[in-house]
2 protein chains.
Amino acid sequence: MRVTIKDVAQAANVSVSTVSRVLSNKENFFASKTADHVRKVAADLGYQRNAYAADLASHQSDVLAVVISATKSNFADEIIAGIHDVATKNGNSVMILYAGENNPTLQDKAIKTVIERDVMGVLIVALELGDESLSSLKTSGIPHIFLSTAAKENLGPFIASDDHAIGYEATKYLIEHGHHKIGLVGMDEQSFVGTQRMTGYREAMAEYGLAVNEDWLVPGYFTFEDGETAMAHFGKQPEVTAIIANSDLTAIGVIDQARDYGLEVPAQLSVMSIDGTKLTRIFRPTITSVTQDFFQIGRAGCAALLNDDNEPIQSKFLPIKIVERNSTRQL
Amino acid sequence: MRVTIKDVAQAANVSVSTVSRVLSNKENFFASKTADHVRKVAADLGYQRNAYAADLASHQSDVLAVVISATKSNFADEIIAGIHDVATKNGNSVMILYAGENNPTLQDKAIKTVIERDVMGVLIVALELGDESLSSLKTSGIPHIFLSTAAKENLGPFIASDDHAIGYEATKYLIEHGHHKIGLVGMDEQSFVGTQRMTGYREAMAEYGLAVNEDWLVPGYFTFEDGETAMAHFGKQPEVTAIIANSDLTAIGVIDQARDYGLEVPAQLSVMSIDGTKLTRIFRPTITSVTQDFFQIGRAGCAALLNDDNEPIQSKFLPIKIVERNSTRQL
DNA sequence: AACAATAACACAAACGTTTGCGTATACTTG
DNA sequence: CAAGTATACGCAAACGTTTGTGTTATTGTT
């Protein structure tokens, strides 16, 4: 039997309500002398609060849920770190739930869990939620926000980078460095992220009056292997002089495969990645990237959720920047 | 107002107990006809169970907690995937809590959370728990297990790789490939993992009658930067012909720095890593490693916790293997 | 036909908190 | 000094479930 508030009350010769108020620091409800006494007794008895009971009685939980894809990408850590950074300062607990990879069953289960636990908010990270899951989440009324993810307007509030801008800026950078034939690797045509980036790419090309060969667009996801196979598609004598990869891992796949073909990066082929995680700095050559600030995305998302003025949460884009490293060169 | 079991009972014209039993599938307590009816009404009303109330009343939760360091290492993902694999099949929820990096405050908070929530078990991943946290966990009586972590005997049950064997096997491999002067990089002398690996290293060296120069042992942790600075310590003309790094990232740090010194790996220096995560396959040269099966560690740990024959949990080592890649050569 | 046994359900207590309200006591104020 | 007002605390209901123990019908047995 665990020691409860009741035991503490009895031992301290006060009522349970007093113990409750002391232990949860409801100011102006007790004399500091009583408080000290109660706290001491509680400590002596080894009292541990039962969070379930508390949440049940108070109708509010202090836990934030992060629903995340069992992502092959590697920026989730940074987002989570950002979330923890502000959650911790605010005294909230964070629970993380994996929702698999395009796995509606697991998604439903994760969403069901957050609803059953009536968490105070949920952050959906790098995940396009299925319609089913999304609508249960919406009807539950639990505040939620999408982080770094497909942000079709009707989805709900999001904090992310502007994927259109990402595609546009990357392309523009390469064009301005003399590249006219630019490959785009790993974009998922089914996803919002992918199509946005592709549109940005096309816009930049058009703006500079450059034709796009559809053969330069090799779809895929965010994996290393997608980079490898895409480069295999381009072959040993690629028509393109530069490639934009959908993630750091994908870029590495491209570079590895290029190397296997005897192609020097960046001497014979420039490769640029999207994300700019630590991988771009430890890999050789270091990889020029469109860098997103994932830590800030996490921070901003958490802050938005915690911000309790009851205005609806504002969606926003966080700035991206291009970081020049050694995988690209001026033509 | 959320719809409760009471509302369902009223709408279905049965008692709350019946609804409860139907919805939680307590066999032999109701007619299947009633059950169908109740389930339909519940669905129509959009009933969502309140997990807090249920856990409170039944004194048992179905959530498994994973306490993890905000790890700079990168194998945690695989362990978590393994945990999820068996937890999901078993119908358990998993919540992940970050406990920072050697941060007693965060550790305490994480442990406090799992105790307050009275989870059914906790998996401590790659984390040496402070005495304070450990003893609260122990007195709480919550089943727990350490995964891939410092496993001093008195800590409690663990599932991990045998760090002594890791140090020993890595060293032996290099010796048998003709290396006599072998560096050991990134071992933390304060940690059990580090000292075990060092002991294994020394034993292998002694076994082959090789002297150890203390200068070859460069302490550190598991980071990329530790690899870089260690290699800087060895300098442009290292005395050692091979280096064992404490993690894949550390190995990459070593190789990058070596390359900056104009040293070819493996032509002029062999580098071997411990862990064998995906990094060793995407980096060039691919990295020979002592490979741990983190996914299985996760699976085994979770299974051990869930296994409810009430014998105490058995500690065990999972096998390691050496995977030869391109960062080492025969001398 | 009488009775026991079982199936199907309802009642109500319990889980450990929080919190609105009530009530003494002590302290102001005119 | 009476009346009003804080202050400090206790009482008890409520939160939404689970579950042990009744309480009826229904079925089976002799």
Next on the checklist: Does a side-chain N or O of Ser20(A) approach OP1 or OP2 of dT18(C) to a distance below 4.0 Å, or not?
Outcome noted: yes
Item to check | Lys26(B) side-chain N/O to dT18(D) phosphate OP1/OP2 under 4.0 Å | outcome: no
Checklist entry - Would a 4.5 Å heavy-atom cut-off, applied to side chains only, mark Thr277(A) and Phe294(A) as touching? => result yes
Round to a whole Å and report the spacing from [atom1] of [X] to [atom2] of [N].
X	N	atom1	atom2	value
Leu56(A)	dA14(C)	CG	C1'	13 Å
Ile115(B)	dG16(C)	CD1	P	16 Å
Asp118(B)	dT17(C)	CG	P	11 Å
Ile5(A)	dG16(C)	CD1	P	11 Å
Arg117(B)	dT17(C)	CZ	C1'	13 Å
Gln10(B)	dG16(D)	CD	C1'	15 Å
His59(B)	dT17(D)	NE2	C1'	11 Å
Lys6(A)	dC11(D)	NZ	C1'	13 Å

Excluding sequence neighbours, so at least two apart, what forms salt bridge (Lys or Arg N to Asp or Glu O under 4.0 Å) with [X]?
X	answer
Asp44(B)	Lys40(B)
Asp118(B)	Arg2(A)
Glu116(B)	Arg49(A), Lys112(B)

Checklist entry - With Gln292(B), which residues qualify under side chain to side chain donor-acceptor pair (under 3.5 Å), at least two apart? => result Ser161(B), Asp275(B)
Item to check | Within the 6.0 Å centroid threshold, strictly below: Tyr52(B) and Tyr52(A) | outcome: yes
Checklist outcome for this item: Residues pairing under side chain to side chain donor-acceptor pair (under 3.5 Å) where one sits in residues 129-146 of chain A, two or more places apart or in two chains, turn out to be Asp108(A)-Ser133(A)
Item to check | Selection residues 79-96 of chain A - residue pairs positive for side chain to side chain donor-acceptor pair (under 3.5 Å), sequence neighbours left out | outcome: Asp85(A)-Lys89(A), Asp85(A)-Arg299(A), Asn90(A)-Asn92(A)
Item to check | Degree of bending in the helix from dA1(C)-dT30(D) to dG30(C)-dC1(D) once both end axes are built from five pairs, to 10° | outcome: 40°
Checklist outcome for this item: Sorted by chain and residue number, the side-chain contact (heavy atoms from CB on, under 4.5 Å) partners of Val14(A) (sequence neighbours excluded) come out as Ala12(A), Thr18(A), Val19(A), Thr34(A), Val38(A)
Checklist entry - Taking only residues at least two apart or on different chains, which pairs with a member in residues 3-51 of chain A satisfy ring pair (Phe, Tyr, Trp, His ring centres under 6.0 Å)? => result none
Checklist entry - Contact class for Thr4(B) (heavy atom, under 4.0 Å): base, sugar-phosphate, or nothing? => result sugar-phosphate
Item to check | Reading 5' to 3' through nucleotides 7-12 of chain C, protein heavy-atom contacts under 4.0 Å coded B for base, S for sugar-phosphate only, - for none | outcome: -SBBB-
Checklist entry - Got a sec, which pairs hit salt bridge (Lys or Arg N to Asp or Glu O under 4.0 Å) with one end in residues 51-62 of chain B, sequence neighbours left out? => result Arg117(A)-Asp55(B), Arg117(A)-Asp62(B)
Checklist outcome for this item: What residues 44-52 of chain B contributes to the DNA chain D interface at heavy-atom separation below 4.0 Å is Tyr47(B), Gln48(B), Arg49(B), Asn50(B)
